[in-house]
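Note that the numbering runs from 1 along the sequence shown for the chain.
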Amino acid sequence: ILKLDKLYNFFNFSHLVADIEGSEFFLLKGAKQLIKKNSPNLAISAYHFPKDIYRLLGLIYYYSKNYKFFLRNYSNHCEGTVLYAIRKYR
């Protein structure tokens with residue numbers, strides 16, 4: 001397993017999109033430094049577990065206060081719910 005923080009030294013991420021079947025929280029934990037230093041725009045699926053929205057939003061906000069948060073649902077059910085974290089400024 002490779003943390004995204006290890007790749008941060010080699011690549012400049014401006015966007016991060018993830019729908020990885022319930023492992024989004026762990027992805028964000030492995031991208032801590034990337035989020036803190038670079039504040040990439042994020043689009044993270046938030047429907048696999050009941051507390052996903054709160055856990056994901058809380059973790060991103062803990063890493064960086066440089067985000068505006070939006071929630072969008074693309075279906076008639078909870079599937080397709082995406083948490084957007086858009087950086088406020090550079």
Side-chain angles (χ1 to χ4, degrees):
I1 297 174
L2 180 66
K3 292 182 178 183
L4 284 177
D5 283 343
K6 297 284 185 187
L7 294 174
Y8 176 70
N9 296 325
F10 302 103
F11 301 100
N12 186 10
F13 291 91
S14 62
H15 293 78
L16 179 62
V17 179
D19 182 0
I20 49 177
E21 303 308 315
S23 296
E24 291 82 4
F25 183 78
F26 301 107
L27 170 91
L28 293 174
K29 286 183 78 168
K32 180 179 181 177
Q33 295 305 315
L34 170 70
I35 293 170
K36 281 185 168 188
K37 294 179 181 175
N38 201 35
S39 297
N41 290 321
L42 306 171
I44 309 294
S45 290
Y47 62 86
H48 295 97
F49 299 104
K51 294 184 180 181
D52 267 353
I53 295 168
Y54 304 106
R55 284 179 23 156
L56 299 173
L57 190 148
L59 187 62
I60 296 166
Y61 187 77
Y62 176 73
Y63 291 162
S64 175
K65 310 294 188 269
N66 189 28
Y67 284 106
K68 291 184 207 176
F69 293 94
F70 303 92
L71 193 64
R72 176 86 190 257
N73 183 280
Y74 294 95
S75 71
N76 292 330
H77 306 287
C78 64
E79 296 87 12
T81 302
V82 178
L83 173 65
Y84 292 96
I86 308 300
R87 68 180 159 263
K88 293 179 184 175
Y89 50 84
R90 274 265 176 215

Testing I44, L59, D52 one by one against F25 for a side chain to side chain contact (heavy atoms under 4.5 Å, CB included), which residue passes? L59
Over all atoms of both residues, closest heavy-atom pair of [X] and [Y]:
X	Y	result
G80	S75	N-OG, 4.4 Å
L56	S45	CD1-O, 3.4 Å
A85	I60	CB-CG2, 4.2 Å
I35	S64	O-CB, 4.0 Å

When hydrophobic residues are tied together by side-chain contacts of less than 4.5 Å, even through go-betweens, does [X] share a cluster with [Y]?
X	Y	answer
L42	I20	yes
L71	L28	yes
F26	L83	yes
L16	I53	yes

Does K65 make a cation-pi contact with Y67, if we ask for NZ or CZ under 6.0 Å from the ring centre and within 45° of the axis? no
Count the heavy atoms of every other residue, nucleotide or ligand shown that sit under 6.0 Å from CZ of F69, and state whether that count exceeds 12. yes
Take E24 and D19, measure what side-chain contact (heavy atoms from CB on, under 4.5 Å) needs, and give me the verdict at the end. CA-CA 7 Å; E24 291 82 4; D19 182 0; 3.7 Å; yes
Do Y62 and K36 come within less than 4.5 Å of each other through their side chains, counting heavy atoms only? no
Enter the distance from L57:CG to K51:NZ here, rounded to the nearest 0.5 Å. 15.0 Å
For side-chain contact (heavy atoms from CB on, under 4.5 Å), just list the numbers for K37 and Y63, CA-CA rounded to whole Å, side-chain angles, deciding distance to a tenth of an Å, and then say yes or no. CA-CA 9 Å; K37 294 179 181 175; Y63 291 162; over 6 Å; no
